[in-house]
Structures are given as structure tokens and as C-alpha cells.
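Below is one structure; the comments refer to it alone.
Residue numbering restarts at 1 for every chain, and letters A, B, ... go by the order of the sequence lines. Remember, predicted model here, so these are calculated numbers, not experimental data.
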Number of protein chains: 2
Amino acid sequence: MPDPIERPSLIDVLESRLRADIVAGTYPPGTLLPPERELAAGYGVTRATVKNTLVRLEQLGLIETRHGVGSRVRDFQAYGGSELLPWLVGQSGSGLLPDIFEARATFGSVIARIAAARAKPEDARDLEELLERVRSAPDARAAHDAENEVHRAIARITGNQVFVFLANSVLNGYQPVRRALDAAFSPDGTAQALAPLVAAIVAGEPDAAADTALVYLTGTAGPMLDLLTGTDDGGVA
Amino acid sequence: MPDPIERPSLIDVLESRLRADIVAGTYPPGTLLPPERELAAGYGVTRATVKNTLVRLEQLGLIETRHGVGSRVRDFQAYGGSELLPWLVGQSGSGLLPDIFEARATFGSVIARIAAARAKPEDARDLEELLERVRSAPDARAAHDAENEVHRAIARITGNQVFVFLANSVLNGYQPVRRALDAAFSPDGTAQALAPLVAAIVAGEPDAAADTALVYLTGTAGPMLDLLTGTDDGGVA
DNA sequence: GCGGCTGGGTGGCTGAGCCACTCTACCTCT
DNA sequence: AGAGGTAGAGTGGCTCAGCCACCCAGCCGC
């Protein structure tokens, strides 16, 4: 079953319009956005709707709103924080995919190392059970979901909430990716690729875990990149 | 000159109230928040104000709002992404400070390694100039700002925007930390501690860079933790 | 010159209200 | 008894009209 469809709200639409304008440079960093009343008139919505949208953009770190002054575009490329990552990960066409995959491989590797050093017996049991769930998944979609759970579990084993958040950002962002992956990977293949990583962590071997994670993550990065950028036919049956 | 004071907006106040309630478990994950009209009546504000607050919380990933249903609290500890990091970093008292410092040291180390491998001559020049600026800073506050610029520059050298965002999250979050640090560190000390890291990157030695960064970042973590948790008197003159 | 004042432009927030969506309980027809 | 439809209550989405608080530039009087 594909994801349920949803009608985007006006705020959603307006947000992506303004965001695109900001990213494209229509409103360069440091400049003021047009006043709310003007934006409202221009886009044919109320000030309240515009306001809601601006609240979102502010929370995202793209603008900075000040009472009596206006909304100023921030230099998010230089000073933007990780609150932009989830959005970035979702922006498949942003040209930053290689960056994301590199970060994923680099951090995944060090997280795996720490997890291996700290895995307790019950963690090992959980991990193996999750791996089994990947193996027995009925289709690629389910396998991918189960695979995500494995990655979440590894991050959780470190006991560091920051690592968990970081892992989630990448995993959550894969929603749009999932559709592309459905046909490309089999549950069996996923499980086989994942197995050595789980084994290293279960065995408590930090170096091996780090190495395996690096191999695994850089290995899957290539096909994914191809899929996402459309360099190939979209995957084999 | 300290930062200018600013009167918090109603949205700010309401946001921190609701956020605290969510974190404290008043509204456990999976439950629905009270309806907007009810919240508005309860807190003595308009629905529009409540709405704006909820938009923020949704952007933060703490709740999920659906038309005709309500706002459901997400299990952000398990599934929250890095959009929560900036807030987390700002929450000095959250008990997650050790996690943050570990992540900072771990990632800082690998970022330093990559930067060293990729530093071009002009990058090296920029870096040394920035280090000089730390040395010649008139006070601890200015030194700290300049130090941040060094870290940003190192992240930028990797050429990976994700690393830049990540570094910024930690650096931006230090705003509340800065005040505590003012008295504790001298420009000279900062510059001396930073120098070996810059040298390793400038020399293009990835392993040395990674090691130095690890030493440097774990070294500063201890005093900072003490300062922030108030285990000591607040620093020496 | 320099301090205070004033007015125009901006965001903050209100109050009332209609519309769209979701879900449940009931009702009807088979 | 079960399947299908439907009405209504409860919820968020969005509008309209308007006042207030704030910032700032430019004027005025000292």
C-alpha cells in the first residue's frame, strides 16, 4: 500500500513557494522580505496565513522576524544549523545528495564503532532479532522499514540521544526515497548486506564495526544516488 | 556589550510552556493535545496565537497536526530528527550535555580529518589568518567568536554542506554558553589550544588532525561541563 | 549640533465567523 | 446479521476587519 495522499494546505504551498524563492536568490540573504500585508495581497491569502508561513520559515532558520521591522533573510548557507538537514535530505534534487551520503557514511561508521564498544548482551539480542525481521520481510518496502529500525537500534545502543536524532534525520528523510527503492532491493539482499555490521556490533568489535559500516554505507550510496538522480532505468525487477 | 534584551512574544511564551509540558510528559507521546479553542481559552489568548505556536511545534517535530483530527504528540525521543538538536544544545540543563559534548568531539574529529585531507593552499591561509584573529582578540568574548569562525572554516574546507550545518548547530547553540565562558578562558589560552589543530589541517595530515581535534574537543568539554552545571564557582579571573 | 517628538510603516494579536475534514453512531436496505 | 450510506458533532484551515506595540527616519525646538 502506498502512502495515503494528502491535500497540501495553503501554508504548505506558500511555504514551498517562499522557500524556493529564498533558495533561488529572489530574496538574497540580508534583504527584507516584502511586508506581510503585501505578501498576503500578492499571493491572494490573508495575513494570518502569511504569518503562519513566516513562523515556519523562521523556525527553519531561513528568516529572522522582528517586530516593527520585518522579516530578514538569513545567510543560511553559512550559518544555518542542522534544523535544515531534514529538509535537505528530502530535497533529492538539491545537488547535495553526495554530501548527505558522505555524512551518512562517515557518521554511520563512528556511530557503529561506539555502539560496538558499548553493546550489552540484551542489545545484541535485540539487534539480531531485528536483523531476522529484515530477512523475513515480505517485500522490499517492509525490508527497508526493518532496516531503518536496525539503524535506529544501533544509534540507540550508543546511549547518546544526539546520535539517535542524527540517525533519525537521515532515516526520516528517506520517505521520498523509499518509493524509488522498492523495486531495486530485495529483503534477502538487504539482510545479507546488513549482517556483517550487526555481527561486528554483537561481537563487540569497534574497529570491525566501523569498517563494515563504512563499506556498507558507501556501498549502498552508489546505487541510491543513481536511482535518485535517474542515471539508470530505475532499478531491475 | 551584552546582547540586547528583547521582550518575548506571546508565541514564545506559549511555545516554551507547551514544550515544557510535552517534555515533562503532561502530554505523553501519542496523545492528542487539547483542541485549539480549548488551549486558547485556557491560556487566555486567541486561536490564531495558539495556531502559530502549534505551527512552530510541528516544525520542531514535537507534534503532528491533522485537519479535522487534532495535534498529536510525536515520540520525539525515538523518532525525532536533528531539527531538535539546536534546541537541545540550548537546553543546558537537559542532562544531555555529555551527549552533546561526545557528539561534538566525535564528529569534530572526523570532520578535522576530512578537512586536512582536502585543505587547499588558500584554505590554509584563511585558517591561519583566523587563528591570528583569535590570538589578537581584545577579550574572551571576542576570542570565542573568532574561535567559532575557525570551526566554521574547518567545516567549510570539507566542501560538505552537511558538515557545515552540523558544526553551526553546535556553534549557534552556544549563545547561552558564551556568557558563562566569558570569564573562564583567555584569548591567549584559546589560541594556544587551537593552534595544533590548525597546524595539522594546514599541513594536510588527516590522522594528526583527527587526533588533535579529539584531544582539543574532549579537553574543553570538561571545563565547559563544570561551568554549565555549576559544579564550580564559575571560573577564575 | 543635539535631544525630544511625531508620524508612517511594520509585525503582534484580537474577535468573530465560515468552511473543510474526520470520525462515529445510527439508520436503512439487503 | 451484515454492508452501505448518512447526518452531526468536533476539529483544524482560513478569512475579514481592526487595534495595538514597536522601530525608525525626519522634523523641530533648544
What's touching nucleotides 24-26 of chain C from the protein side, N or O pairs under 3.5 Å?
none

Under 3.5 Å, N/O pairs linking protein and nucleotides 8-11 of chain C:
unit_1, atom_1, unit_2, atom_2, d
C/dG9, N2, A/G68, O, 3.3
C/dG11, OP1, A/E36, N, 3.4
C/dG11, OP2, A/E36, N, 2.9
C/dG11, N7, A/R37, NH2, 2.7
C/dG11, O6, A/R37, NH2, 2.8
C/dG11, N2, A/H67, NE2, 3.1
C/dG11, N3, A/H67, NE2, 3.2

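- At a threshold of 4.0 angstrom between heavy atoms, the contacts of A/T46 include nucleobase atoms, whether or not backbone atoms are also involved.
- Taking the charged nitrogens against the carboxylate oxygens, A/R152 and A/E149 do have a contact shorter than 4.0 Å, which makes a salt bridge.
- To the nearest 0.5 Å, atoms OG1 (A/T158) and CD (B/E102) are separated by 7.0 Å.
- Under the 3.5 Å distance criterion, the side-chain polar atoms of B/R72 are matched with a main-chain donor or acceptor of B/G30.
- If you walk DNA chain D from 5' to 3' and mark each nucleotide with an atom closer than 4.0 Å to a heavy atom of chain B, the marks span D/dG10 to D/dC22.
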Fill in: Derivation and outcome, side-chain contact (heavy atoms from CB on, under 4.5 Å), residues A/L166 and B/F107
CA-CA 11 Å; A/L166 226 45; B/F107 295 149; 3.1 Å; yes
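- Comparing the helix axis at one end of the helix from C/dG1-D/dC30 to C/dT30-D/dA1 with that at the other, each defined from 5 consecutive pairs, gives an inter-axis angle of 10° (nearest 10°).
- Nearest heavy atom pair, residue B/F165 against residue A/Q77, reads CE2-O, 4.1 Å.
- Panel note: side chain B/D99, backbone A/V162; no donor-acceptor pair is recorded below 3.5 Å.
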For residues 38-47 of chain B, tabulate all N or O donor-acceptor pairs below 3.5 Å that involve a side-chain atom, not counting sequence neighbours.
unit_1, atom_1, unit_2, atom_2, d
B/R47, NE, B/E36, OE1, 3.2
B/R47, NH2, B/E36, OE1, 3.3

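- Using a distance-only test at 3.5 Å, with no hydrogens or angles considered, no donor-acceptor pair links the side chain of B/R74 to the main chain of B/L62.
- Judged by distance alone, the side chain of A/N168 and the main-chain N or O of B/A78 form a donor-acceptor pair under 3.5 Å.
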Could you pull out all donor-acceptor pairs under 3.5 Å where a side-chain atom in residues 53-61 of chain A meets a protein atom, sequence neighbours excluded?
unit_1, atom_1, unit_2, atom_2, d
A/T53, OG1, A/T49, O, 3.0
A/R56, NH1, A/D12, OD1, 2.9
A/R56, NH1, A/E15, OE1, 2.5
A/R56, NH2, A/D12, OD1, 3.0
A/E58, OE2, A/T65, N, 3.4

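- Between A/E129 and A/R125 there is no salt bridge, since none of the side-chain N atoms of the basic residue sits less than 4.0 Å from a carboxylate O of the acidic one.
- B/I111 and B/A155 get closest at one heavy-atom pair: CG2-CA, 4.1 Å.
- Atom pair B/Y43:OH and C/dT14:P shows a separation of 15 Å (rounding to whole Å applied).
- Without hydrogens or angle criteria, B/S71 side chain to B/I63 main chain gives no donor-acceptor distance under 3.5 Å.
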